[in-house]
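What follows is a short report on a single structure.
Model, not experiment: these values are computed from the prediction.
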Amino acid sequence: MAEPGGSRSVSVSDVQQLVRRKDEIEAQIKACYELLEGQKGVGMHEPLVDAEGFPRADIDLYQVRTARHNIICLQNDHKALMKQVEEALHKLHAREKEKHAKDEAEALAEAMSQNQSLPQAFAKVNAVTPGSPASVSGLQVDDEIVEFGSVNVNNFQNLQNIATVVQHSEGRPLSVTVIRGGRRVHVGLTPKRWAGKGLLGCNIIPLQR
């Protein structure tokens with residue numbers, strides 16, 4: 001594997017590979033320490049000679065020296081590897097941040113282009129009664145109306161236009177188009193008698209342009 005310090009981009013699998021290697025080194029260090037523990041518990045610094053300066057006869061000196069040497073080498077490898085892991089994670093995080101910023105910019109550009117192509121609204125829903133025909137159809141407060149049956153921005157004069165369409169469409173589905181959250185949404189609204197007042201159960205106000 002190319003080192004994360006190189007010029008190519010770092011992948012998640014690169015980091016996972018480094019972490020696996022780190023785990024392997026830690027297991028090897030643990031095994032070396034266990035070997036030292038098995039030699040009368042000598043650690044990294046206990047003397048290997050007796051009181052008279054002779055090599056200790058109660059332990060395997062070769063094994064102890066080898067284990068100590070391996071621990072030092074492995075700890076150096078571990079330190080270097082941890083630096084690689086840190087660098088790789090930093091690069092990965094930077095790339096994710098860059099990707100996130102790019103995605104956000106693209107989403108913003110898309111929203112702006114959609115806003116430019118959205119039709120003009122002439123009225124707005126400012127109240128919807130729960131359980132009403134308007135509520136059942138999915139109409140929501142703050143929906144901006146761009147089409148209500150045959151009424152649109154070109155022929156809308158006042159709210160009487162909408163009232164007329166509603167009266168003539170009782171029991172029949174009306175095609176209503178609204179702008180919600182910067183997007184165009186189509187709603188099938190059937191004006192009909194219900195427990196509350198009117199045929200819709202919502203309040204619509206003209207938009208001041």
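Distance check: Ile205 CD1 to Ile145 CD1 gives 10.0 Å after rounding to the nearest 0.5 Å. Taken from CG in Leu199 to NZ in Lys192, the straight-line distance is 11.0 Å, to the nearest 0.5 Å. Here the CD atom belonging to Glu96 is positioned 9.0 Å from the CG atom belonging to Asp103, to the nearest 0.5 angstrom. Taken from CD in Gln84 to CG in Leu89, the straight-line distance is 11.5 Å, to the nearest 0.5 Å. In this structure, OG on Ser150 lies 10.0 Å from CD1 on Ile162, to the nearest 0.5 angstrom. Distance check, rounded to the nearest 0.5 Å: CG of Asn203 to OG1 of Thr129 gives 8.5 Å.
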**OP:** Show your reasoning for whether salt bridge (charged side-chain N to carboxylate O under 4.0 Å, His left out) applies to Arg21 and Glu24.
**Re:** CA-CA 5 Å; Arg21 177 75 186 120; Glu24 284 168 16; 3.5 Å; yes
Subject >> Test side-chain contact (heavy atoms from CB on, under 4.5 Å) applied to Arg184 and Thr177, step by step >> reply: CA-CA 7 Å; Arg184 194 191 302 214; Thr177 305; 3.5 Å; yes
**OP:** Go through Val166 and Phe148 one step at a time and tell me if the side-chain contact (heavy atoms from CB on, under 4.5 Å) criterion holds.
**Re:** CA-CA 9 Å; Val166 169; Phe148 195 101; 3.7 Å; yes
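Looking at Asn161, its side chain never comes within 3.5 Å of a backbone N or O of Thr164 through a donor-acceptor pair.
Screening Gln39, Met44, His45 for a side chain to side chain contact (heavy atoms under 4.5 Å, CB included) involving Val42 leaves a single residue, Gln39.
Across all non-hydrogen atoms, the minimal contact from Ala88 to Leu18 is CB-CD1, 4.0 Å. The heavy-atom pair separating Leu36 from Ala67 by the smallest distance is CD2-CB, 3.8 Å. The minimum heavy-atom distance linking Leu92 with Val15 is given by the pair CD2-CG2, 3.9 Å. Asp142 and Lys124 make their closest contact through OD1-CE, 3.2 Å (heavy atoms, listed as atom of the first residue, atom of the second, distance). Considering every non-hydrogen atom in both Gly201 and Ser132, the closest pair reads O-OG, 3.3 Å.
Looking at Val64 and Arg56, their side chains never come closer than 4.5 Å, going by heavy atoms from C-beta outward. Side-chain atoms of Glu46 and Ile59, non-hydrogen and from C-beta on, never get closer than 4.5 Å to each other. Taking 4.5 Å as the limit, some side-chain heavy atom of Pro191 sits within range of a side-chain heavy atom of Leu174. No side-chain heavy atom of Thr190 sits less than 4.5 Å from a side-chain heavy atom of Ser137.
No path of Ile, Leu, Val, Met, Phe, Trp and Tyr side chains, each step under 4.5 Å between heavy atoms, connects Ile25 with Met82, placing them in separate hydrophobic clusters. Residues Val153 and Val178 share a single hydrophobic cluster, defined by chaining ILVMFWY side chains whose heavy atoms lie under 4.5 Å apart. Transitive grouping of hydrophobic side chains (ILVMFWY, heavy atoms separated by less than 4.5 Å) brings Ile72 and Tyr33 into a common cluster. Hydrophobic clustering (side-chain heavy atoms under 4.5 Å, transitive across Ile, Leu, Val, Met, Phe, Trp, Tyr) keeps Leu35 apart from Leu61.
For His186, the NE2 atom sits in a packed shell: over 12 heavy atoms of surrounding residues, nucleotides or ligands are nearer than 6.0 Å. Applying the 6.0 Å contact sphere to NZ of Lys22 captures more than 12 heavy atoms from other residues, nucleotides or ligands.
Glu26 and Lys30 are not joined by a salt bridge, as no carboxylate oxygen comes within less than 4.0 angstrom of a charged side-chain nitrogen. In summary, Lys102 and Glu98 do not engage in a salt bridge, as defined by a charged side-chain N under 4.0 Å from a carboxylate O.
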